[in-house]
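In each ligand, atom 1 is the first atom listed, and ligand 1 is the first ligand listed.
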Amino acid sequence: MQYQSTRGSAPTLGFEDVTLAGLASDGGLYIPESWPAFTPDQIRALAGLSYVETAVRVMAPFVAGSLSEEELRELCTAAYGRFSHGAVTPLVQLDHQHWLLELFHGPTLAFKDVALQLLGQLFERFLSRRDDHLTIVGATSGDTGSAAIDAVAGRAKIDIFMLHPDGRVSDVQRRQMTTVRAPNVYNIAIDGSFDEAQALVKAMFNDAAFSRRFNLSAVNSINWARLMAQVVYYFYAAVRLGAPERQVAFSVPTGNFGDVFAGYVAAKMGLPVAKLIVATNVNDILHRALSEGDYSQGQVVATATPSMDIQVSSNFERLLFDAGGRDGLALADQMRGFEASRAMRLTNAQREGAAHLFGSARIDADGMTMAMRWAYDGAGQIVDPHSAIGLAAAREAALDPSIPVVTLATAHPAKFRDAVERATGTRPPLPARVGDLFAREESYAKLPGTFDAVTAYVAERATPRA
Ligand SMILES: Cc1ncc(COP(=O)(O)O)c(C=O)c1O
Ligand SMILES: N[C@@H](CCOP(=O)(O)O)C(=O)O
């Protein structure tokens with residue numbers, strides 16, 4: 001499998017190089033040159049397989065040329081062996097139509113573990129083949145940070161620098177990052193929003209000399225391997241609900257458009273997806289883009305769903321590229337326009353390419369609270385605020401009742417205990433797996449959100465290439 005950049009001028013690479021590179025050298029994102037196609041028989045054959053076996057079948061075409069099937073199986077077994085539920089991503093029924101896909105049974109209690117546990121294994125395997133050291137720079141609005149740190153802490157050939165917006169993540173999220181004691185882990189709270197942190201990370205990649213000197217790599221969903229691993233659970237869930245004979249819809253609480261883009265990939269591969277509902281909080285750039293074609297960045301508003309307080313969704317570029325006809329140079333121009341003016345209109349081709357599969361909804365605080373109460377009172381399920389945004393959008397979509405609607409439950413409710421308690425009156429206990437989180441000492445740097453401050457901090461601590 002070969003990968004091309006969404007901006008049309010970076011070299012085409014294989015899976016191993018794409019994983020280690022993170023972002024393409026022209027500022028674009030890597031995407032497969034074509035989508036592997038699964039026949040209905042191949043989808044039917046996934047019924048009854050374990051999560052690991054499903055993962056091997058779904059991901060094998062994407063890693064071809066870099067990993068044998070046996071190697072992929074070994075890495076998936078190691079990655080998913082750390083999940084606390086035998087099914088890895090179990091389905092829970094809420095009523096005749098609505099289901100939750102629980103993606104939070106990994107070590108850091110959010111869906112990010114599904115991809116990042118595997119990415120940690122992939123980095124280790126690929127680095128063992130070469131004499132090289134990686135410097136990971138990442139941005140987090142709360143969950144990617146802890147999942148990435150857990151996946152790479154203590155690995156000899158990797159340093160990780162994780163930027164989070166100071167004061168804008170939950171206490172549990174912050175502590176899951178800042179209490180990890182490993183010599184290769186550096187946490188940085190920046191004065192600014194997640195979007196600013198993400199822009200700093202991209203700027204570090206786009207500084208060719210800096211990027212080469214420290215051999216930068218990415219753990220955010222700009223890294224293709226993140227999305228590839230997330231495609232698996234769409235297949236796993238849909239097959240359990242009757243695919244390929246039956247269509248299934250998914251509602252996805254969305255911020256950086258990574259999780260829902262993985263659903264788009266599953267549909268492109270042949271999974272019968274009736275609808276992908278993009279559920280945003282009041283930071284609704286994606287809802288406006290999909291419903292009106294207006295992708296213009298507003299001010300980020302802090303909400304009870306901090307992981308989705310995002311106004312520039314990095315993976316939307318992958319959809320614009322694929323749905324809009326795969327013209328990398330035209331998209332590079334369009335993205336340069338957005339970077340200059342912070343606004344753009346989708347082209348007709350991009351809108352039409354997205355319209356048949358995507359729906360969207362903007363859910364405010366009341367909608368989120370009502371969904372949490374509905375799940376709790378009606379089905380005895382405590383859902384976290386992010387998953388509640390997805391659930392509210394799923395119910396609002398009022399799809400044909402014969403189509404099962406799966407809401408992706410992206411975080412464990414204990415990560416957002418205050419918001420859950422406010423909505424349901426119940427305070428979820430922290431699972432034993434996160435141990436004495438509130439007794440451990442924290443360590444992190446506080447920096448202004450400027451390129452110079454952050455690069456100086458990284459340059460002083462990272463391992464330069466020989
Ligand atoms: C709990 C939670 N839900 C939803 C999202 C949104 O996912 P994505 O950024 O892939 O759209 C995030 C962060 O990305 C998250 O941490
Ligand atoms: N909500 C995310 C934001 C980063 O998204 P990513 O999927 O691109 O890593 C977080 O938890 O950090």
A.B. asks: Can you pull out the closest protein heavy atom to atom 16 (O) of ligand 1? Residue, atom name and distance to 0.1 Å, please.
C.D. replies: Asp143 OD2, 2.5 Å
A.B. asks: Between Gln4 and Arg326, is any side-chain donor less than 3.5 angstrom from a side-chain acceptor?
C.D. replies: yes
A.B. asks: N/O of Gly258 under 3.5 Å from N/O of ligand 1, yes or no?
C.D. replies: yes
A.B. asks: Please verify whether a non-hydrogen atom of Val260 lies at under 4.0 Å from ligand 1.
C.D. replies: no
A.B. asks: For residues Asp166 and Tyr444, is any side-chain donor paired with an opposing acceptor at under 3.5 Å?
C.D. replies: no
A.B. asks: Using modelled atom types only, decide if a donor and an acceptor are shared between the side chain of Arg288 and the backbone of Gln297 within a distance under 3.5 Å.
C.D. replies: no
A.B. asks: Looking only at protein heavy atoms, which one is nearest to atom 11 (O) of ligand 1, and what is the separation?
C.D. replies: Gly255 N, 2.8 Å
A.B. asks: Specify the protein heavy atom at minimum distance from atom 7 (O) of ligand 1: its residue, its atom name, and the distance to 0.1 Å.
C.D. replies: Phe111 CZ, 3.5 Å
A.B. asks: Can you confirm whether the side chains of Asp309 and Asn281 place a donor and an acceptor under 3.5 Å from each other?
C.D. replies: yes
A.B. asks: Between Glu196 and Ser193, do the side chains contain a donor N or O and an acceptor N or O under 3.5 Å apart?
C.D. replies: yes
A.B. asks: Kindly confirm or rule out an N or O of Ser141 lying under 3.5 angstrom from an N or O of ligand 1.
C.D. replies: no
A.B. asks: Note the single closest protein heavy atom to atom 3 (N) of ligand 1, along with its residue, its atom name and the distance in Å.
C.D. replies: Thr410 OG1, 2.8 Å
A.B. asks: If you have a sec, work out which protein heavy atom is nearest atom 4 (C) of ligand 1 and how many Å separate them, to one decimal?
C.D. replies: Pro253 O, 3.4 Å
A.B. asks: Just by distance, no angles: are the side chains of Gln299 and Gln311 close enough, under 3.5 Å, to form a donor-acceptor pair?
C.D. replies: no
A.B. asks: Please list the nearest protein heavy atom to atom 13 (C) of ligand 1 with its residue and the distance rounded to 0.1 Å.
C.D. replies: Lys112 NZ, 3.0 Å
A.B. asks: So if I only count non-hydrogen atoms and take anything under 4.0 Å from ligand 2, which residues does that give, chain by chain?
C.D. replies: Lys112, Thr140, Ser141, Gly142, Asp143, Thr144, Phe194, Asn220, Ser221, Arg226, Asn256, Ser307, Ile310
A.B. asks: Between Gln198 and Asn220, do the side chains contain a donor N or O and an acceptor N or O under 3.5 Å apart?
C.D. replies: no
A.B. asks: Please report which non-hydrogen protein atom sits nearest to atom 8 (P) of ligand 1, along with the residue it belongs to and the distance in Å to one decimal place.
C.D. replies: Asn256 N, 3.5 Å
A.B. asks: Show me which atoms of ligand 1 lie under 4.0 Å from any heavy atom of Ala411.
C.D. replies: 1 (C)
A.B. asks: Would Asp259 count as being in polar contact with ligand 1, using the rule that some N or O on each side must be under 3.5 angstrom apart?
C.D. replies: yes
A.B. asks: Taking all atoms of both residues into account, what is the closest heavy-atom pair of Pro32 and Tyr3, and its distance?
C.D. replies: N-CD2, 3.4 Å
A.B. asks: Just which atoms of ligand 1 are under 4.0 Å from any heavy atom in Phe257?
C.D. replies: 8 (P), 9 (O), 11 (O)
A.B. asks: For atom 15 (C) of ligand 1, what's the nearest protein heavy atom and its distance?
C.D. replies: Ser307 CB, 3.3 Å
A.B. asks: Does any donor atom in the side chain of Tyr376 or Thr426 lie under 3.5 Å from an acceptor atom in the other side chain?
C.D. replies: yes
A.B. asks: As a quick check of understanding, evaluate salt bridge (charged side-chain N to carboxylate O under 4.0 Å, His left out) for Asp113 and Arg82, giving each step before the final call.
C.D. replies: CA-CA 10 Å; Asp113 288 320; Arg82 294 196 62 207; over 6 Å; no
A.B. asks: With a 3.5 Å cut-off and no angle check, do the side chains of Ser314 and Asn256 form a donor-acceptor pair?
C.D. replies: yes
A.B. asks: Do NZ/NE/NH1/NH2 and the carboxylate oxygens of Asp418 and Arg422 come within less than 4.0 Å?
C.D. replies: no
A.B. asks: Taking atom types as modelled, find out whether Thr108 and Asp150 have a side-chain donor-acceptor pair closer than 3.5 angstrom.
C.D. replies: no
